[in-house]
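When reading the values below, keep in mind they use all heavy atoms of this one structure, side chains included, and skip hydrogens, waters and symmetry mates. Residue numbers start from 1 in every chain, and the chains themselves are labelled A, B, ... in the order their sequence lines are given, proteins ahead of strands.
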Protein chains: 2
Amino acid sequence: MAADARVLEDLRAAILRGEFAPRQRLVEAELCERFDASRFAVRAALQALEADGLVERQRNVGARIREIGIEEAVEISEVRQVVEGLIARRAAERASDAEAEALATIGREMHAAVAAGEVGEYSDLNARLHSTLRDIACHEKANGIIAHLHGQMVRHQFALSHQPGRSKVSVWQHQAIIDAVVARDGDAAEAAMRAHIASVIEALRAIATP
Amino acid sequence: MAADARVLEDLRAAILRGEFAPRQRLVEAELCERFDASRFAVRAALQALEADGLVERQRNVGARIREIGIEEAVEISEVRQVVEGLIARRAAERASDAEAEALATIGREMHAAVAAGEVGEYSDLNARLHSTLRDIACHEKANGIIAHLHGQMVRHQFALSHQPGRSKVSVWQHQAIIDAVVARDGDAAEAAMRAHIASVIEALRAIATP
DNA sequence: CCGACCTGTATTGTCGACAATATTGTCGAT
DNA sequence: ATCGACAATATTGTCGACAATACAGGTCGG
């Protein structure tokens with residue numbers, strides 16, 4: 001039992017892994033076979049995923065992967081800008097010495113990864129930096145919203161991280177965030193985070209109009 | 001047909017109207033009778049409401065109204081602080097002359113309501129001000145998140161609006177927001193909105209420790 | 001040749017019945 | 001009298017079958 005939850009997690013992971021194309025139809029019967037589950041479980045998963053904003057459903061038509069256009073990705077990033085700003089501020093206000101040191105270490109590893117041209121490694125470190133900040137901020141609601149928004153951005157996030165030359169710019173933005181948190185300067189941390197995501201938004205718009 | 005959606009909306013409205021006490025159990029059979037719907041529709045509604053954060057469910061135990069403590073209400077307000085800040089900024093950047101005038105009118109009506117001691121009227125105007133700002137900002141994602149957070153706050157919002165003397169303080173904060181938007185000053189609008197919600201958070205904390 | 005209609009098929013929506021599980025109440029032993 | 005185990009009940013979880021609906025392709029009339 002609890003096949004419900006398993007299907008939900010598997011399907012969500014598959015979507016986040018990019019195994020389905022935007023606007024691709026998700027036929028219940030197919031998902032039943034793929035995940036070896038009853039239609040009941042599949043339906044529940046689809047309903048949950050709809051609330052998550054990952055799929056959209058039309059009555060009597062079915063479910064499909066929701067397509068997130070550039071305009072919507074920009075809106076999502078604008079919200080992320082302020083909410084991650086809040087997280088950065090809280091992190092600066094609450095970081096212990098050990099936590100500050102952990103951030104500084106990530107910063108050093110980022111510089112090393114950029115110098116070595118390791119884009120995959122840098123992308124991982126990027127995720128780890130933001131996640132560490134969330135852990136320090138310890139703000140359930142803000143963290144939840146970021147997770148929610150992040151799920152809808154995966155496709156664009158992927159495109160961004162493979163933008164050549166971006167890491168050389170963003171590494172210093174990341175460093176500014178780290179420095180502000182280490183200095184326990186909430187205002188500066190929020191400002192640095194906002195500036196960082198502002199540059200992400202710019203890059204998003206640049207992708208839109210090549 | 002579409003009994004599903006009706007039950008969801010009715011039940012959500014009932015919860016938002018405060019017809020259920022926090023942690024009150026929501027037995028499926030009872031809801032079936034009350035809304036004259038099938039268990040199927042009720043289950044779907046409960047699942048959706050769980051995603052909304054209005055009810056919580058335990059496997060094989062059932063659903064109950066989620067209790068939102070002061071600490072969580074503060075967290076919610078902290079997120080609202082930055083997201084409504086974003087909305088205020090956008091509103092200042094995008095407001096047409098007609099929209100600015102509409103805001104100014106709401107401001108005048110607020111002062112009148114406070115002078116007349118009409119707390120219900122003032123509460124309505126408060127909702128209308130924020131909603132008008134959202135319309136002007138025209139930011140789907142931000143508006144959606146605010147709606148989401150607002151739903152979880154209704155109970156505390158009610159307690160706040162009946163706090164004697166609050167309107168005399170908040171009316172000037174509201175006026176500051178309106179002035180900033182009318183002056184098309186995004187920075188000031190965001191700052192004013194943040195200050196306003198900071199005072200809401202303070203009031204929340206004051207309720208917690210009487 | 002084109003458009004409207006109509007029928008067949010694929011897919012989702014709805015339901016009622018049954019199974020699984022937690023909660024509550026009862027009984028006996030210590 | 002209190003505690004534990006066990007049975008009874010209430011409630012939710014799961015499923016398969018059927019109904020309702022939308023879509024595609026073909027057919028008929030103009």
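dT12(D) atom P lies 9 Å from atom CZ of Arg57(B), rounded to whole Å. The nearest whole Å value for the distance from the CG atom in Asn60(A) to the C1' atom in dT21(D) is 5 Å. If you measure from atom CZ of Phe40(B) to atom C1' of dA20(D), you get 13 Å, rounded to the nearest angstrom. To the nearest angstrom, P of dT11(D) lies 13 Å from CD of Gln24(B). Across the protein-nucleic acid pair, Leu46(B) atom CG and dT11(D) atom P stand 14 Å apart, rounded to whole Å. One atom, CZ of Phe35(A), and another, P of dT14(D), lie 17 Å apart when rounded to the nearest Å. Straight-line distance from the CZ atom of Arg6(B) to the P atom of dG13(C): 18 Å, rounded to whole Å. Separating the CG atom of Asp36(B) from the C1' atom of dC15(C) is a distance of 14 Å, rounded to the nearest angstrom.
No hydrogens or angles were tested; on distance alone, a donor-acceptor pair under 3.5 Å links the side chain of Arg39(B) to the base of dG13(D).
The residues Glu50(B) and Arg59(B) are annotated as not salt-bridged, no charged nitrogen and carboxylate oxygen being separated by less than 4.0 angstrom. Under the 4.0 Å criterion applied to side-chain N and carboxylate O atoms, Asp124(A) and Arg128(A) are not assigned as salt-bridge partners.
The list of ring pair (Phe, Tyr, Trp, His ring centres under 6.0 Å) pairs with a residue in residues 6-47 of chain B, not counting sequence neighbours, is empty. Counting only residues at least two apart or in different chains, side chain to side chain donor-acceptor pair (under 3.5 Å) contacts with residues 87-96 of chain B comprise Arg89(B)-Asp187(B), Arg89(B)-Glu190(B), Ser96(B)-Glu99(B).
Listed candidates were dT11(D), dG13(C), dA22(C). Nearest to the side chain of Val27(B) is dT11(D). Among dT11(C), dG13(C), dC15(D), the nucleotide with an atom closest to any side-chain atom of Arg43(A) is dG13(C). Here the nucleotide nearest the side chain of Val61(A), chosen from dA22(D), dG13(C), dT11(C), is dA22(D). Of the candidate nucleotides dT12(D), dG13(C), dT11(C), dG13(C) has the atom nearest to the side chain of Glu28(A).
For His130(B), the ring pair (Phe, Tyr, Trp, His ring centres under 6.0 Å) partners at least two apart in sequence or on another chain are His174(B), His196(B). Scored by the side chain to side chain donor-acceptor pair (under 3.5 Å) test, Gln175(B) finds His111(B), Asp179(B) as partners (sequence neighbours excluded).
The overall bend of the helix from dC1(C)-dG30(D) to dT30(C)-dA1(D), read as the angle between its terminal helix axes built from five base pairs each, is 10° when rounded to 10 degrees.
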Which side-chain N or O atoms in residues 133-140 of chain A pair as donor and acceptor under 3.5 Å with protein atoms at least two apart or in another chain?
from, atom 1, to, atom 2, distance (Å)
His139(A), ND1, Ala142(A), N, 3.2
His139(A), NE2, Glu78(B), OE1, 2.7

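Backbone-only contact: Leu26(A) has heavy atoms under 4.0 Å from sugar-phosphate atoms and none from a base.
In this model, the phosphate group of dC15(C) is approached by a side-chain N or O of Ser38(B) to a distance below 4.0 Å at OP1 or OP2. Taking 4.0 angstrom as the limit, Arg59(A) places a side-chain polar atom (N or O) nearer than this to OP1 or OP2 of dT14(C).
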